[in-house]
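See below for the structure under consideration.
Every chain is numbered from 1, with letters handed out A, B, ... down the list of sequences. What's counted below: heavy atoms across the whole structure, side chains too, no hydrogens, waters or symmetry copies.
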Amino acid sequence: MAENYNAPAELNKFRTIALGVGGIGLIVWAAGTYFHLEQGLRSWLLGFIFWGGITIGGIGVTMLQYLTGGAWGVVIRRIVEAASRVLPLVFLMWLPLAFGITHLYEWTHLPPDDFTVIGRGAYQTPMWWVIRGLIYFALFGVMVYLLNTWSANQDKSADHEEAARWLGKATAFSGPTMVIYVLVISFATVDWVMSLDPHWFSTIWGLLFVVGWALSTFCFSVLMLAWLGDRAPFNRVLGKRHLHDIGKLILALVMVWAYFNFSQLLIIYSGNIPEETGWYLTRMTPGWFWIGMILILFHFAFPFLFLLKQDWKKNIRMLSSIAIFILLIRLVDMFFLISPMPRIAEHGGSLVLSQSFSWLDIVGPIAVGGIWLWYFFGQLMKRPLVPVMDPFLEKAIEHGQGH
Amino acid sequence: MAKDLKQIHEKIYPPMVEGEHTLATVSDKIGDVTLKKKTPWHWFVGFGISFMVAQLLLFSVVTLLAKGIGIWGNNQPVGWAFDIINFVWWIGIGHAGTLISAILLLLNQKWRTSINRFAEAMTLFAVACAAMFPLLHTGRPWLAAYWLFPYPNTMGIWPQFRSPLIWDVFAVSTYATISLLFWYVGLIPDLATLRDRAKNKVFKFFYAALSWGWRGSARHWHRYEIAYLLLAGISTPLVLSVHSIVSFDFSVSQVPGWHATIFPPYFVAGAIFAGFAMVLILCIPLRVWYNMKDFITDTHLVYMGKVMLATGLIVVYGYAMEAYFGWYSSSQYEVFMVKNRIWEGPYWWSYWLLIICNGLSIQLLWFKRFRESPFWLFMISIVVSIGMWLERFVIIVTSLNRDFLPSSWAMYSPTMFDWSMFVGTIGFFFTLLYLFVRFLPVISIFEVRTLLPEANVHGHQQDFEENVLEVEYTYERTDPPNKEDAES
């Protein structure tokens, strides 16, 4: 380990800022929630799904890069690993939802003769919702623990052969675990988000989150790369081809996001059956309709066209600009999924955009995000920024220097 | 240290060409199959059997045209059966070819080079088989021109543009056209190689006519590489769009078991799954019969096995989500569909066969022992091909035979003509493949050459992946090496 790949100490400054912003956000959020509990919890859920998604996406991207190999994976591995290690904090952030369950989910107030209450039985009870949540976090926890432990062991390896063994172990683990990971996300997002509207369902739901969260994670990683790439030691590592590769992945995910959403819309629109179509009818009322349009234009069309250009994918300024743009629009997408859902205060009715949007929807994600970032920076500083003993490290660095 | 690293790299990413090969031996080995070697006896046997089986198709089609589609077992309420099952099955198989040639090219996956040529041929032949079913199920294919295409006729009758069936017409015809172009453009340099090596005058003329005066100049290569990359870019969305539209045939309707939002990605994964199974079924014997193990290495088979596992798991995820949401929805129709499909309905056995074929069999691929054994890969691929056919049977027949009106429930059973037409297309498919193997280079000669150490522009004996990277640089280069040559 001749070279020192530790994170720059300047990150400490960001930690403090993040904690400050998060702390103030938390206080403001708590004050707002005191007066409007349902809205406060819903805004918290928005922040939780957005930022928790980067952590859960971090687990997925860590496994994906082991499975596919490739230089981009070596470069962003430590960033996504650090994001995945925020999991304990994400679990704590889930607790307000668990405690506030009867103030957040309309199904806790359904009459006993409602067909979902009869059909789902114990599955749709607060106790089982909480038990399932604990299982999801336990499974994610095992993934985070093992992947990060093995990665740390790889750093401590005496030689490349030992390091290759740890790499092999993580790769072998990632295959089957990816299956569990996708299943856990599918069930978890049904519980956390879809069940806000107890009468609606869509089989593609889980995949929307698998892809959306991976997209968030990649975009977040690009922002970290942009900052780290300007400074020692990461400026020796990051090359244009890495950015190009990650840019292509972001482009692909933007397209897949659009493909999944379009499929869902077309199928539900064409079927036009009352079980499903209400979900879109709400989102086609004035106000919500324009948010939908914004998503089509700015979650798909604009980033798609932008990322087609090769030079922009290779340019860190351009790539990080589009990454931050996509992250913001991801938040709008989550808002579009969560906010129009039926509300308890409205006896299961939805609100139009102007009534539905609350200042807490901004404070919630800021509060969650500040604390999340504070924890994330701490995790990022704990380990070298690249897997120093990885047998493919040199090759990955070389790859970046190409055209 | 550097040597250690090289060993580790080669262990994880083995070279894609085995044995001692030079540029010349590659051309010899692949080119000789069509030009020099005596056509082996097994070719005649295989071709003969396929050709005979293909006669079943001829027989069935003639009977169909004479008597109408009443010779099939389709009834009310099962109005769609073997015709669309076989259509979807064949069109799905084609997808592996497009994935290998287009997406893997864009992803810089070098292992595609030795399997893309015949995978693309497979795509074309599979699409040809697939396209027959929608045409023939009209009963009067000579009228299909204005039923299927928006042909401005004096009666002012237009297709229903809101129907996914008309989208299918556009999707499949685009797919066939682009696949053909892609395959043919990729063949041109090799056809020129065969032209230059052919001794027989007839063959020389045949290859010369097909290679369009290719001389291999820098300018030719420059244009070629741009055209090939562009075609790859155009083909890529087709991998997703064609089978998504096929899935819309079902999912935009309201039939429980068809109407599910997960259908597009789940069908696309199923298509690639079935396609890779077919590529394995074809290339495992091919590499033995024609002694091509140096080019289609065991590593290729392992990679294909992994793709099959991954896509198969997505398909199984689809089954799981259908069952879970069927229950979760608490809708009486959805719950009935799940029960009918899995245990209460008359076709419950087909569902469990499907789970065994597509769900359980591929679990063997988690283990190196099975993944690295050509025999097991071959067996699993056959089981998967059957499974993917069953999947469409389950979706179509079990959903239709118990529709909303219990009074109209009926069983479906295929007639002899349903079977003869299906088996006939299999014969037709293999007939075309045998002809392809005999007359065209089954593996891309010039692309396999780029995998050799000689292809490295610096000529160093470096390790494998560096060579590949160098080749990639030449591949990505858009300005020709000699600018004057290009401008003159």
Side-chain angles (χ1 to χ4, degrees), chain A residues 67-70 114-120 123-124 159-161 163-164 167-168 171 175-176 178-179 182-183 186-187 190 194-195 198-207 245 248 255-256 259-260 262-273 275-276 391-392 394-395 398-399 402-403, chain B residues 1-2 4-5 7-9 11-13 106-108 162 164 236-237 240-241 244 247-248 250-255 258-266 268 306 309-310 313-314 316-318 320-322 324-335 366 463 465-466 469 472-473 476-477:
Chain A
L67 288 174
T68 56
D114 185 274
F115 68 93
T116 63
V117 175
I118 299 167
R120 289 174 205 159
Y123 190 87
Q124 190 168 266
D159 54 25
H160 284 305
E161 231 163 278
L167 182 68
T171 311
M178 194 61 126
V179 180
V182 173
L183 284 172
S186 306
F187 293 117
V190 168
M194 189 199 269
S195 77
H199 296 126
W200 184 78
F201 61 94
S202 167
T203 41
I204 205 171
W205 188 256
L207 293 184
D245 290 345
K248 284 191 271 191
M255 287 194 277
V256 174
Y259 166 63
F260 285 175
F262 172 72
S263 301
Q264 178 177 281
L265 171 64
L266 182 76
I267 290 169
I268 291 180
Y269 168 83
S270 305
N272 199 21
I273 50 180
E275 287 96 320
E276 300 170 337
F392 289 94
E394 267 176 57
K395 225 175 229 301
E398 258 172 48
H399 173 88
H403 325 240
Chain B
M1 192 80 153
D4 284 358
L5 266 180
Q7 275 169 357
I8 294 173
H9 291 167
K11 203 174 155 210
I12 300 180
Y13 298 111
L106 296 181
L107 293 178
N108 292 327
R162 277 176 294 186
T236 300
L240 294 172
S241 69
S244 298
S247 82
F248 290 150
F250 308 102
S251 56
V252 300
S253 75
Q254 297 173 342
V255 179
W258 287 13
H259 182 75
T261 49
I262 204 169
F263 259 39
Y266 149 62
V268 170
K306 285 183 179 172
L309 177 61
L313 288 167
I314 300 176
V316 175
Y317 173 83
M321 286 300 119
E322 276 192 303
Y324 168 69
F325 279 102
W327 168 79
Y328 176 87
S329 72
S330 309
S331 146
Q332 56 167 321
Y333 304 109
E334 294 286 331
V335 173
W366 287 111
D463 71 61
E465 203 170 329
E466 278 175 3
L469 285 181
E472 210 174 277
Y473 297 160
E476 281 186 354
R477 187 177 54 216

Under 4.5 Å from any heavy atom of chain A - which part of B/Tyr328: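 Both parts, heavy atoms under 4.5 Å.
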
For B/Tyr266, which atoms come within 4.5 Å of any heavy atom of chain A: side chain, backbone, both, or neither?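 Interface part for B/Tyr266: neither.
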
Between B/Thr261 and A/Ile204 (side chain of the first, backbone of the second, donor and acceptor by atom type, cut-off under 3.5 Å), is there such a pair?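 Here the side-chain-to-backbone pair exists.
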
Sequence neighbours excluded, which residues qualify as ring pair (Phe, Tyr, Trp, His ring centres under 6.0 Å) partners of A/Tyr269?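 Expected list: none.
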
Test ring pair (Phe, Tyr, Trp, His ring centres under 6.0 Å) applied to A/Phe201 - qualifying residues, sequence neighbours left out: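 Checked A/Phe201 against ring pair (Phe, Tyr, Trp, His ring centres under 6.0 Å); zero matches.
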
Looking at [X] and [Y], what are the two nearest heavy atoms and their distance?
{"X": "A/Ile267", "Y": "B/Pro264", "result": "CD1-CD, 3.7 Å"}
{"X": "B/Ser244", "Y": "A/Tyr259", "result": "OG-OH, 2.5 Å"}
{"X": "A/Thr116", "Y": "B/Ser330", "result": "CA-OG, 3.7 Å"}

Taking atom types as modelled, is there a side-chain donor on B/Tyr324 or A/Ser186 under 3.5 Å from an acceptor on the other?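 The criterion, which ignores hydrogens and geometry beyond distance, is not satisfied for A/Ser186 and B/Tyr324.
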
Most chain B-contacting option - heavy-atom pairs closer than 4.5 Å, from [options]:
{"options": "A/Gly175, A/Pro176, A/Gly168", "answer": "A/Pro176"}
{"options": "A/Met255, A/Glu276, A/Glu394", "answer": "A/Glu276"}
{"options": "A/Pro198, A/Gly70, A/Ser202", "answer": "A/Ser202"}
{"options": "A/Asn272, A/Asp245, A/Val190", "answer": "A/Val190"}

How far apart are the C-alpha atoms of A/Leu207 and B/Met321, what are their side-chain angles, what is the distance that settles it, and do they pass the side-chain contact (heavy atoms from CB on, under 4.5 Å) test? CA-CA 10 Å; A/Leu207 293 184; B/Met321 286 300 119; over 6 Å; no

With rounding to the nearest 0.5 angstrom, report the OG to CZ distance, A/Ser263 to B/Phe263.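 So the OG of A/Ser263 and the CZ of B/Phe263 are separated by 12.5 Å.
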
Gap between atom NZ of A/Lys395 and atom OH of B/Tyr13 - 0.5 Å precision: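 That separation rounds to 10.5 Å.
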
Has A/Glu161 got more than 12 heavy atoms of other residues, nucleotides or ligands less than 6.0 Å from its CD?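 It does not: A/Glu161 CD has 12 such atoms or fewer within range.
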
Which bit of [X] comes within less than 4.5 Å of chain B, counting heavy atoms only: side chain, backbone, both or neither?
{"X": "A/Leu167", "value": "side chain"}
{"X": "A/Thr68", "value": "backbone"}
{"X": "A/Glu275", "value": "side chain"}

Please determine, among B/Ser331, B/Pro265, B/Gly326, the option with the most heavy-atom pairs under 4.5 Å with chain A.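 Option with the greatest count: B/Pro265.
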
Could you check, using the six-membered ring where one of them is a Trp, whether A/Tyr123 and B/Trp327 have ring centers closer than 6.0 angstrom?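 For A/Tyr123 and B/Trp327, the ring centres are under 6.0 Å apart.
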
Can you find a heavy atom in the side chain of B/His259 that is under 4.5 Å from one in the side chain of A/Ile273?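 The answer is yes, as the side chains (C-beta and beyond) meet within the 4.5 Å cut-off.
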
